[in-house]
Amino acid sequence: MSINETPLARDLADSTRRLAAANAAQPPKPKHTRIISLSNQKGGVGKTTSTVNLAAALADKGMKVLVIDLDPQGNASTALGIPHQEGTAGIYEVLIDGTELVDVVQQSPESPNLAVVPATIDLAGAEIEIVTQIAREKWHSLLKTAIDNYLLAGNAPDYVLIDCPPSLGLLTVNAFVAAREVLLPIQCEYYALEGLSQLLRNIERIQQALNPQLVLSTILLTMYDSRTKLASQVVDDVREHFASQTLNVVIPRNVRVSEAPSFGRTVISHDRSSIGAISYLEAAIEIAQRGAQNGR
């Protein structure tokens, strides 16, 4: 490397090298379908962004992926190019009417390996309807039953990613009962760990009462700004407390990641050579590799 090489040139060379490595990587497929809930009760941490970009990255690497949009805002559906206007059949009908998942799955234009169960605005009132219309003993297991039936019918995605709402309500409880893993996005900003203890307590309660298989398997650090000491401190703090769960890959702040949903795309298809796309590809590869190492 020339001593006269500029920082911009070094960054470009590094990005080119990382993209080539990500393109060449062939991560292992899981032994069984991995069902992962992406959750954080704090808004604005990159939860939905991470759901759709990890889904697209896994699909890009040959995995069959099903995304379940469990957030009434429907942003995951939008980013994956899925119509979800009022009246569209989606996860609401699955939870409230008992519709089979296979009847509401839509193919994403993002990838032939990627399918989506959309969320519509009807989902905003689903928690009240569940409490008032459905037997109490079924409240927590509606989504699990739907996914179990989907898998038993012969559908075998490698990954099911559930985009949870930014709360710890009944929809999120359903996601935790249905999943075997929780992926927690944490933004590299002040108050990043605020509320984390409450989330961990809720996961522990679900483990004890409803789903002993559930584990916090993955922490993904998002919105990293290398120019600030605070971001580096957050990374150090999270890795100190959650060494085994925290991915080596960090997702940086990147304009391409932010603008991709407005085109109905993920950053993987919007600008594959951007540092945001490269980072999500690397994160997906690491998730797959760690899963294989842990027998998942």
Side-chain angles (χ1 to χ4, degrees), residues 36-56 65-97 99 101 104-110 114-131 142-143 146-147 160-176 178-179 182-187 189 194-195 198-199 202 220 222-223 251 253-270 276 280:
I36 305 175
S37 290
L38 287 88
S39 178
N40 192 323
Q41 72 271 28
K42 286 172 61 65
V45 301
K47 175 184 57 62
T48 297
T49 298
S50 294
T51 301
V52 300
N53 286 307
L54 288 174
V65 184
L66 175 66
V67 172
I68 298 178
D69 190 350
L70 206 59
D71 189 337
Q73 296 180 75
N75 290 336
S77 303
T78 298
L80 294 172
I82 301 297
H84 60 103
Q85 65 272 16
E86 189 173 2
T88 301
I91 194 63
Y92 171 85
E93 284 72 19
V94 172
L95 298 176
I96 303 302
D97 300 331
T99 302
L101 272 181
V104 299
V105 169
Q106 295 188 41
Q107 185 65 45
S108 172
E110 181 78 22
L114 182 53
V116 183
V117 177
T120 65
I121 192 61
D122 293 331
L123 194 59
E127 292 188 352
I128 295 174
E129 293 185 57
I130 289 171
V131 170
L142 298 168
L143 184 58
I147 293 175
V160 175
L161 302 186
I162 307 171
D163 185 37
C164 296
S167 68
L168 293 174
L170 196 50
L171 291 177
T172 299
V173 169
N174 263 267
F176 284 176
V182 176
L183 188 157
L184 176 65
I186 296 180
Q187 81 280 31
E189 295 181 351
E194 186 181 62
Q198 182 185 0
L199 177 64
N202 277 276
L220 177 63
T222 66
M223 304 180 186
I251 307 300
R253 286 194 174 276
N254 179 246
V255 67
R256 292 292 186 258
V257 172
S258 301
E259 71 187 17
S262 65
F263 294 92
R265 300 174 187 161
T266 70
V267 73
I268 308 300
S269 61
H270 179 59
Y280 272 114

With a 3.5 Å distance limit and no angle check, can you tell me whether N174 reaches the backbone of L142 through a side-chain donor-acceptor pair? yes
Working to the nearest 0.5 Å, report the span between CG of N53 and CG of L220. 10.0 Å
Side chains of V105 and V117, heavy atoms from C-beta outward: is any pair under 4.5 Å? yes
Is the closest side-chain heavy-atom distance between E110 and V52 below 4.5 Å? no
So does A119 get a backbone contact from the side chain of S77, meaning a donor-acceptor N/O pair under 3.5 Å? yes
Do N75 and T48 have side-chain N/O donor and acceptor atoms under 3.5 Å apart? no
Minimum-distance pair of heavy atoms, taken over all atoms of R256 and H270: O-CD2, 3.7 Å
Sub-4.5 Å side-chain heavy-atom contact between E86 and T120: no
Enter the distance from L184:CG to S39:OG here, rounded to the nearest 0.5 Å. 7.5 Å
To the nearest 0.5 Å, tell me how far K47 NZ sits from T222 OG1. 11.5 Å
Could you go step by step and tell me if Y92 and V104 meet the side chain to side chain contact (heavy atoms under 4.5 Å, CB included) rule? CA-CA 10 Å; Y92 171 85; V104 299; over 6 Å; no
Validation row: T172, C164 side chains within 4.5 angstrom (heavy atoms): yes
Side chain proximity check, L38 to L54, heavy atoms < 4.5 angstrom: yes
Can you tell if the side chain of I68 reaches within under 4.5 Å of the side chain of L143, non-hydrogen atoms only? yes
Between A55 and V67, which heavy-atom pair has the shortest distance, and what is it? CB-CG2, 3.5 Å
So do the side chains of L171 and L95 get within less than 4.5 Å of each other, counting heavy atoms only? yes
Side chains of L80 and Q106 in contact at under 4.5 Å (non-hydrogen atoms): no
The single option from I147, I91, T51, D69 passing side chain to side chain contact (heavy atoms under 4.5 Å, CB included) against I162: I147
From OG1 (T88) to CD1 (I82), nearest 0.5 Å: 10.0 Å
Between G276 and V257, what is the shortest heavy-atom contact and its length? CA-CG2, 3.6 Å
Of the non-hydrogen atoms in P118 and H84, which two are nearest, and what is the gap between them? CB-CB, 4.0 Å
Looking at D97 and T99, would you say the former's side chain and the latter's main chain have a donor-acceptor pair under 3.5 Å? no
Closest heavy-atom contact between M223 and V45? CE-C, 3.5 Å
Taking all atoms of both residues into account, what is the closest heavy-atom pair of A76 and D163, and its distance? CB-OD2, 3.7 Å
